[in-house]
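Notes to accompany the following structure.
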Amino acid sequence: MIVPSIDLQGGQTVQLVGGAEKALDAGDPLPIARRFRVAGEIAVIDLDAAMGTGSNATLVERLLEEAPARVGGGIRDIGTAIRWLDAGAHKIIIGTAAKPELLSRLPRERVIAALDARHGEVVVEGWRTGTGAGVLERVVALRELVGGFLVTFVELEGRMGGTNLALAKEIVGAAAGSRVTIAGGVTTAEEIRDLDRIGADAQVGMALYTGRLDLADAIMAPLVSDRPDGLWPTVVVDERGVALGLVYSSAESVREAVRRGQGVYQSRSRGLWVKGETSGAVQELVRIDLDCDRDGPRFVVRQRDPGFCHLDTRSCWGEDTGLGRLARLLAARRAAAPEGSYTAKLLADPALLSAKLREEAGELAEASARADVIHEAADVLYFTLAKLAGAGIDLAEVEAHLDRRARKVTRRG
């Protein structure tokens, strides 16, 4: 799959050729991150920190709020590594400091070792100095200590002349299950597809920024179809992972979905179908995920009311249940609660809502019998969701915050 890359220098997004010459300045990285996050995890590389000429740490923290990201650049000690893991980085990328004494102190599955190779030899010091060590040798030495590798083919980086698929295949074999990401020269959707088929991802920057590679085509590259019409069955879910329906996608519909940032699909009878264009039940496209067999993409969307189904229900299986439904009901009542309803009273009186939250939390803390714990927990959840509705906060935002907390390495005392 593709891992879009954002390289930071002086607070701006840049692309370097050969690690030295600035070939492109793409400007503010925040809108770029918002565009790239539809592909899933992005790479954020602080070149100033890597080169020892400065830091873009505040900007990196802001980018972590915008998109799921792996972070690299200047991570040379345990304190810096843990800082980025605690800040919510899905993974950290460690370069020359990727040695057993540091790696052994970090969660293996969240660490990527970065190896820069020129014609198969590992190079350091800004790609200027050869080490005499082969890239395959270094992969074998580190594979038990890291969850993945980022291997940059220095002689190809930034030149958009194609990548070295044969060497990439050898690296995947040497990694023995640790996921490999290849950077350097990847230019076409076909290369991304070929890398995916040998078990590697492609980290891409220059080709995306110059328009040589279309983001939607890069996302779709690994997909296959066994249907005569070439369509892909597509599962549509909301931000909480609740299934809304099953549709079909085509290359054209995915390109349009990524371009618009909306749910756009391929109707088998009517052609291109922009969800909500006539009904108003539009979808904001959050992310496109590929399944393990690469034949059934998943669209993660923010669904506007009345819902996904043409029968005006939340999903094609009817209304959903649980916390998601209650949260949406309370949010709707914030705007137009039935006169005299308890919810209307709570939302109109923040002091009452605060008092009820404290009261119910205390009762839950004191409950011991199973039925009482369930009852009191339900009360606390109801009033919590009412508090969120009053503040205009979606439940999915809280869940995303909990996910970020779960990525922290530092635990409370």
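Position 1 is the first residue of the sequence, and the numbers go up from there.
In this structure, a donor-acceptor pair under 3.5 Å is present between the side chains of Gln283 and Gln303. There is a side-chain donor-acceptor pair under 3.5 Å between Thr410 and Asp86. Side-chain contact of Arg212 with Thr188: a donor-acceptor pair under 3.5 Å is absent, judged by distance alone. Asn56 and Thr58 form no side-chain donor-acceptor contact under 3.5 Å, judged by distance and modelled atom types alone. A donor-acceptor pair shorter than 3.5 Å can be found between the side chains of Gln266 and Ser250.
Between Leu364 and Ala377, the shortest heavy-atom contact is CD1-N, 3.7 Å. The two residues Leu346 and Phe383 come nearest to each other via the heavy atoms CD1-CE2, 3.5 Å. When every heavy atom of Trp273 is checked against every heavy atom of Val247, the shortest pair comes out as CZ3-CG1, 3.5 Å.
Looking at heavy atoms from C-beta onward, Leu395 lies in side-chain contact with Leu385 at the 4.5 angstrom threshold. Side-chain contact between Leu145 and Leu106 is absent, with no heavy atoms from C-beta onward closer than 4.5 Å. Ile45 has its side chain out of reach of Leu8: every pair of non-hydrogen atoms, C-beta onward, lies at least 4.5 Å apart. Between Val373 and Ser368 the shortest side-chain heavy-atom distance does not fall below 4.5 Å. Inter-residue side-chain proximity for Ser55 and Asp48 is flagged as unmet; no heavy-atom pair is nearer than 4.5 Å. Using a 4.5 Å heavy-atom threshold, the side chains of Arg260 and Glu256 count as touching. Val38 has its side chain out of reach of Val286: every pair of non-hydrogen atoms, C-beta onward, lies at least 4.5 Å apart. Put simply, the side chain of Pro107 reaches to within 4.5 Å of the side chain of Leu85, judged on heavy atoms.
Using a cutoff of 4.0 Å between basic side-chain nitrogens and carboxylate oxygens, Arg118 and Glu155 are not scored as salt-bridged. A salt bridge links Arg314 to Asp238: at least one charged side-chain nitrogen sits closer than 4.0 Å to a carboxylate oxygen. Salt bridge present: Asp320 and Arg328 bring a charged side-chain N and a carboxylate O closer than 4.0 Å. A salt bridge does not link Glu252 to Arg255: none of the charged nitrogens lies less than 4.0 Å from a carboxylate oxygen. Taking a cutoff of 4.0 Å between a charged side-chain nitrogen and a carboxylate oxygen, Glu190 and Arg193 do not qualify as a salt bridge. Using a 4.0 Å cut-off between charged side-chain N and carboxylate O, Arg35 and Glu66 make no salt bridge. A salt bridge links Arg294 to Asp196: at least one charged side-chain nitrogen sits closer than 4.0 Å to a carboxylate oxygen. Using a cutoff of 4.0 Å between basic side-chain nitrogens and carboxylate oxygens, Glu284 and Arg304 are not scored as salt-bridged.
Other residues, nucleotides and ligands contribute more than 12 heavy atoms inside 6.0 Å of the CZ atom of Arg227. Other residues, nucleotides and ligands contribute only 12 or fewer heavy atoms inside 6.0 Å of the CD atom of Glu366.
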| task | Run the numbers on Phe36 and Tyr209 for ring-ring contact (aromatic ring centres under 6.0 Å, His included), then give the verdict. | result | CA-CA 11 Å; Phe36 283 172; Tyr209 292 106; 5.7 Å; yes
| Given Tyr382 and Thr343, is the side-chain hydrogen bond (donor to acceptor under 3.5 Å, both in side chains) satisfied, shown in steps? | CA-CA 10 Å; Tyr382 166 77; Thr343 299; 2.9 Å; yes
| said: Would Arg138 and Thr131 count as a side-chain hydrogen bond (donor to acceptor under 3.5 Å, both in side chains) here? Give the steps. | reply: CA-CA 11 Å; Arg138 290 296 295 149; Thr131 63; over 6 Å; no
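Rounding to the nearest 0.5 angstrom, the gap separating the CZ atom in Arg259 from the CG atom in Leu285 is 13.0 Å. From Met206, atom CE reaches atom CG of Leu24 across 6.0 Å, with rounding to the nearest 0.5 Å.
Counting only distance, with no hydrogens or angles, the side chain of Arg404 and the backbone of Ala89 share no donor-acceptor pair below 3.5 Å.
In this structure, Lys275 fails the cation-pi test against Tyr265, since its NZ or CZ atom is not both closer than 6.0 Å to the six-membered ring centre and inside 45 degrees of the ring normal.
Checking Asp201, Leu165, Leu156, Ile192 one by one against Val186, the side-chain contact (heavy atoms from CB on, under 4.5 Å) holds for a single residue, Ile192.
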